[in-house]
Amino acid sequence: MSTTTETATGIRPFTVEISQGQIDDLRRRIEATRWPTDEVVEDASQGVQTAFLKELARYWAEDYDLGRLEERLNALPQFVTEIDGVDIHFIHVESPHENALPVIITHGWPGSIIEMLDVIEPLTDPVAHGGSAEDAFHVVIPSIPGYGFSSQPTEPGWDSARIGAAWAELMSRLGYTRYVAQGGDQGAGVTDAMGRQAPDGLAGVHFNFLDAIPKELLTAGFTPRIVFSHDEREQLGKVVHVFMRGYISEMGEHPQSIGFSLVDSPIGMAAWMLDHDPDSYTKISKAFLEGEQTGNLSRDNILDNLTLYWVTGTGASTSRLYWETSRSATASFKNPPPHMRLPAGYTVFPDELFQSPRHWVKHAYHHLTYFNEAEKGGHFAAWEEPEIFSEELRAAFRSLRDEGS
Amino acid sequence: MSATAETAAAIRPLSVEFDEEQIEDLRRRIAATRWPTKELVADRSQGVQLEPLRELARYWLDDYDFGRIEARLNALPQFVTAIDGVDVHFVHVQSAHEDALPLIMTHGWPGSVIEQIDTVGPLTDPTAHGGSAEDAFHLVLPSLPGYGFSGEPKEIGWALSRFARAWAELMNRLGYSHYVAQGGDVGAGVTDAMGRLAPEGLVGIHTNLLVPALNDPGALPAATEEEQAALAAIKTFQTSGNGYFVEQSTRPQTIGYALLDSPVSLAAWMIDHDTDAYYKIAGAFVEDKPSGNLTRDHILDNVTLYWLTGTGASAARSYWEAYGPDAAAAKQAPPPEVRLPVGFTTFPGEIWKTPRSWVEKSYPSVVYFNAVDKGGHFAAWEEPELFSEELRAAFKPIRQGRHA
């Protein structure tokens with residue numbers, strides 16, 4: 001087992017520092033927001049609604065503790081190490097339990113390590129959270145290059161595959177010789193790439209988003225003649241809908257153009273990030289307008305994530321990941337990546353963008369060792385339902401522990 | 001012929017005024033811009049590049065004269081009249097020539113009347129601009145509801161056909177019983193809708209963007225090299241540069257926040273329209289090499305107009321209405337064919353170069369087609385003289401019919 005104190009490989013401890021000047025500037029900008037007129041519909045069909053965003057702005061400027069972010073992150077062991085020319089920031093919490101299984105968990109967009117903070121305890125200290133010592137994980141939560149406190153790539157090419165290779169190097173540098181990987185959203189793309197690369201030491205993967213939507217299914221989605229069951233057609237419709245979202249088009253095509261607003265206007269940034277999917281939008285909007293919080297998606301947790309994007313000024317660099325993955329996805333239609341042979345687990349969350357039928361997952365990952373439908377949670381599963389998410393990881397990886405012990 | 005004095009009850013003169021505080025606030029925000037890191041590529045493939053936008057911001061703040069818009073617009077007769085519940089702002093310049101043909105010209109997005117005001121001279125006073133008295137137009141340049149100095153619709157339903165009906169009412173209110181219509185971009189959509197609606201008095205249309213090609217490119221001839229090239233150009237646009245289109249037609253309010261709150265974001269979003277226009281505008285700022293009339297000042301007149309009127313969100317909503325899957329327009333039966341005489345001009349820098357065969361297929365009643373050698377998507381703005389010559393030529397057969 002590694003320890004980061006050995007730092008022979010260049011792992012430096014990291015502490016978040018946000019200056020008062022940055023915080024004052026953010027608050028000034030929120031208060032000086034020039035608002036558009038209200039949408040002319042009664043629902044979210046024209047995008048983020050003004051009444052909700054005005055309440056979020058009010059809470060952000062008046063009630064939110066802008067020191068929270070620093071406090072929450074600095075309560076955890078954080079490090080930075082340079083890999084492939086980029087400084088990778090990560091949280092690394094080792095379990096007190098012997099034989100804990102190392103897991104590397106990758107966030108997505110518009111997420112960050114903030115999504116994962118509340119799964120750290122259930123995963124590293126399961127006994128205190130309804131599990132047993134045999135369920136323990138050592139947890140590594142890196143920030144994708146261009147996100148949060150990782151540095152920004154200065155050249156193109158940082159797609160999921162390159163990030164996946166960097167993660168393998170990170171786990172190796174931490175001394176982990178047998179570990180697993182997990183991800184949703186863009187993190188599922190990174191985890192999928194790792195599974196296909198199958199670096200030494202990687203024993204299995206778990207997803208809560210099907211990034212590897214089988215090519216033939218996607219093609220079918222655009223060819224309505226091909227007959228599926230009613231439920232599958234409904235799910236396929238949802239998949240196709242994901243690709244029709246404006247943020248996917250814009251960030252996939254012109255991340256720099258939208259990047260200007262994400263860095264210059266806190267409210268422009270908040271609107272863009274909160275418009276991810278209808279389910280999380282409804283939940284977050286309720287938290288602000290009705291004080292009715294879904295799971296762990298509290299106002300403060302939402303603002304921790306927005307504030308992290310703002311203070312790190314990463315609106316453009318985070319968007320560029322879509323440009324990269326859009327290019328590599330196009331390329332992979334011509335040159336499909338190798339099959340994944342490692343054991344894979346999958347959890348369907350009921351409020352996710354689409355609910356993958358088991359055989360879609362099986363089609364993508366032949367060695368499917370775990371499949372389950374959770375009772376609650378949406379796209380930001382770890383964030384919204386940290387306990388359920390942690391239970392899923394315990395269950396998904398249980399069969400992989402024996403081999404190593 | 002109309003006179004706006006006769007309908008004083010309904011048509012009010014308007015002059016544009018901005019207060020100094022608005023301009024100070026804009027300058028403060030430009031100066032306080034927080035910039036992203038530079039794109040990782042050497043071209044437009046990641047969107048608006050940092051260098052031209054920084055230069056635009058510098059020029060806007062240091063060199064641009066914020067009094068220009070007021071001076072330019074107030075030099076023209078402007079009016080407002082309420083139609084269908086919305087105040088419609090328009091420029092109305094009557095030609096000194098008898099028998100001038102009334103023409104209503106519609107701007108698009110990210111345009112405004114600013115695109116068109118340098119065609120006022122050539123169109124209304126052709127003898128001073130290389131034409132003859134028989135080429136003269138009375139010119140009406142309205143701002144679309146939600147744009148510029150027009151009011152913002154407060155209810156849904158302002159799709160292209162509703163703009164078209166409002167324009168017919170405007171021309172009627174101005175006393176024009178025999179007129180033509182012209183447009184590019186969204187304005188081509190409005191003009192196409194007017195052609196299909198065929199209100200009494202409308203005798204012909206001209207567009208410089210082939211609307212039916214965007215609606216259903218698959219239905220157009222694809223045999224020749226020229227047709228293949230045009231199809232490929234549409235595909236390139238739809239896969240590498242239409243994020244703004246998807247966002248505005250599905251989530252106009254979401255992008256609206258940035259467009260109202262950050263001047264530099266507004267500028268970036270607006271100049272990211274199409275590859276040809278982008279490089280021309282970037283060239284104007286970085287190398288001080290404007291293409292035709294697309295000068296730094298003219299670009300900033302337009303961006304400043306959007307900023308000072310605070311219409312980023314309301315203008316974006318016009319895409320939701322016209323092209324969005326959630327709008328009522330998407331569920332309506334397709335409108336009838338255009339039977340009125342149609343003119344079309346292909347400008348070479350347009351998103352795709354429209355072949356004659358496509359115009360003939362889309363508009364069987366085409367009476368004029370020409371492909372010119374200069375100009376792009378913002379044809380009236382970039383090449384006002386050439387654009388005006390095209391309108392003279394396109395509408396000549398219609399004038400002759402009128403006198404026959």
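Each chain gets a letter, A, B and so on, in the order its sequence line appears, and its residues count up from 1. Remember, predicted model here, so these are calculated numbers, not experimental data.
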Engineer: Distance-only, no hydrogens or angles: does the Y257(B) side chain make a donor-acceptor pair with backbone N or O of L53(A) under 3.5 Å?
Structural biologist: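 Side chain of Y257(B) to backbone of L53(A), a donor-acceptor pair under 3.5 Å: no, none is there.
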
Engineer: Which heavy atom of V40(A) sits nearest to which heavy atom of P153(B), and what is that distance?
Structural biologist: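 Scanning both residues completely, I find the closest heavy atoms to be CG1-O, 3.5 Å.
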
Engineer: Under 4.5 Å between any side-chain heavy atoms of Q256(A) and L40(B), yes or no?
Structural biologist: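 A side-chain contact under 4.5 Å is absent here.
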
Engineer: If we ignore hydrogens and angles and just use 3.5 Å, is the side chain of E253(A) paired with the main-chain N or O of N242(B) as donor and acceptor?
Structural biologist: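 Yes; judged by distance alone, with no hydrogens or angles, the pair exists.
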
Engineer: Is there side-chain contact between R317(B) and T37(A), with at least one heavy-atom pair below 4.5 Å?
Structural biologist: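 Counting from C-beta outward, R317(B) and T37(A) do come under 4.5 Å.
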
Engineer: With a 4.5 Å cut-off on heavy-atom pairs, point out which of S317(A), P156(A), G157(A), S326(A) contacts chain B the most.
Structural biologist: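 Most heavy-atom pairs within the cutoff with chain B belong to P156(A).
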
Engineer: When you compare the side chains of T37(B) and R320(A), does any donor N or O come within less than 3.5 Å of an acceptor on the partner?
Structural biologist: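 There is such a pair between these side chains.
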
Engineer: Pick from Q49(B), E155(B), Q248(B): which one has the most heavy-atom pairs with chain A under 4.5 Å?
Structural biologist: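 Ranked by contacts with chain A, first place is E155(B).
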
Engineer: Check whether T311(B) gets within reach of chain A through its side chain, its backbone, both or neither, counting any heavy atom under 4.5 Å.
Structural biologist: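 Nothing of T311(B), per the 4.5 Å heavy-atom cut-off to chain A.
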
Engineer: Within the distance-only criterion (no hydrogens, no angle test), does the side chain of D264(A) pair as donor or acceptor with the backbone N or O of R34(B) below 3.5 angstrom?
Structural biologist: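 Checking the backbone N and O of R34(B) against the side chain of D264(A), a donor-acceptor pair under 3.5 Å is found.
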
Engineer: Looking at S249(A) and V246(B), what are the two nearest heavy atoms and their distance?
Structural biologist: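 Taking S249(A) first and V246(B) second, the nearest heavy atoms are OG-CG2, 3.6 Å.
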
Engineer: Can you confirm whether T250(B) sits close enough to R245(A) that some side-chain heavy atom of one is under 4.5 Å from a side-chain heavy atom of the other?
Structural biologist: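 Not touching, per the 4.5 Å side-chain cut-off.
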
Engineer: Checking Q253(B) against T50(A): is there a side-chain donor and acceptor pair closer than 3.5 Å?
Structural biologist: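 Indeed, the side chains of T50(A) and Q253(B) share at least one donor-acceptor pair under 3.5 Å.
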
Engineer: Side-chain contact test, heavy atoms from C-beta onward, threshold under 4.5 Å: evaluate it for V41(A) versus W320(B) and give yes or no.
Structural biologist: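 Answer yes - side chains close enough.
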
Engineer: Has the side chain of E250(A) got a donor or acceptor atom that lies under 3.5 Å from a matching backbone atom of Y244(B)?
Structural biologist: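 Confirmed, E250(A) side chain pairs with Y244(B) backbone.
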
Engineer: Under a 4.5 Å cutoff for heavy-atom pairs, which residue among A316(A), S319(A), G315(A), A44(A) has the most contacts with chain B?
Structural biologist: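 Ranked by contacts with chain B, first place is A44(A).
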
Engineer: Indicate yes or no for a side-chain donor-acceptor contact from T254(B) to the backbone of V48(A) under 3.5 Å, with no hydrogens or angles considered.
Structural biologist: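 Between the backbone of V48(A) and the side chain of T254(B) there is a qualifying donor-acceptor contact (under 3.5 Å).
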
Engineer: Quick check on A32(B) against chain A: is it the side chain, the backbone, both or neither that has a heavy atom closer than 4.5 Å?
Structural biologist: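 Both backbone and side chain.
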
Engineer: Do any N or O atoms from the side chain of R34(A) and from the backbone of S262(B) form a donor-acceptor pair under 3.5 angstrom?
Structural biologist: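 Checking the backbone N and O of S262(B) against the side chain of R34(A), no donor-acceptor pair under 3.5 Å is found.
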
Engineer: With distance as the sole criterion, is a donor-acceptor pair present between the side chains of R44(B) and S257(A) under 3.5 Å?
Structural biologist: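 Side-chain D/A pair, R44(B) to S257(A): absent.
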
Engineer: Show the nearest heavy-atom pair for residues F260(A) and V48(B), with the distance to one decimal.
Structural biologist: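 Where F260(A) meets V48(B) most closely, the heavy atoms are CE1-O, 3.4 Å.
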
Engineer: Answer yes or no on whether R251(B) is positioned over the face of W272(A), meaning its NZ or CZ is under 6.0 Å from the six-membered ring centre and within 45° of the axis.
Structural biologist: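 Negative - R251(B) is either too far from the ring of W272(A) or too far off its axis.
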
Engineer: Could you tell me which portion of A32(A) (side chain, backbone, both or neither) has an atom closer than 4.5 angstrom to a non-hydrogen atom of chain B?
Structural biologist: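 Both the backbone and the side chain of A32(A) come within 4.5 Å of chain B.
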
Engineer: Any chance you could measure I156(B), atom CD1, to Q46(A), atom CD, to the nearest 0.5 Å?
Structural biologist: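 Answer for the CD1-CD pair, I156(B) versus Q46(A), is 7.5 Å.
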
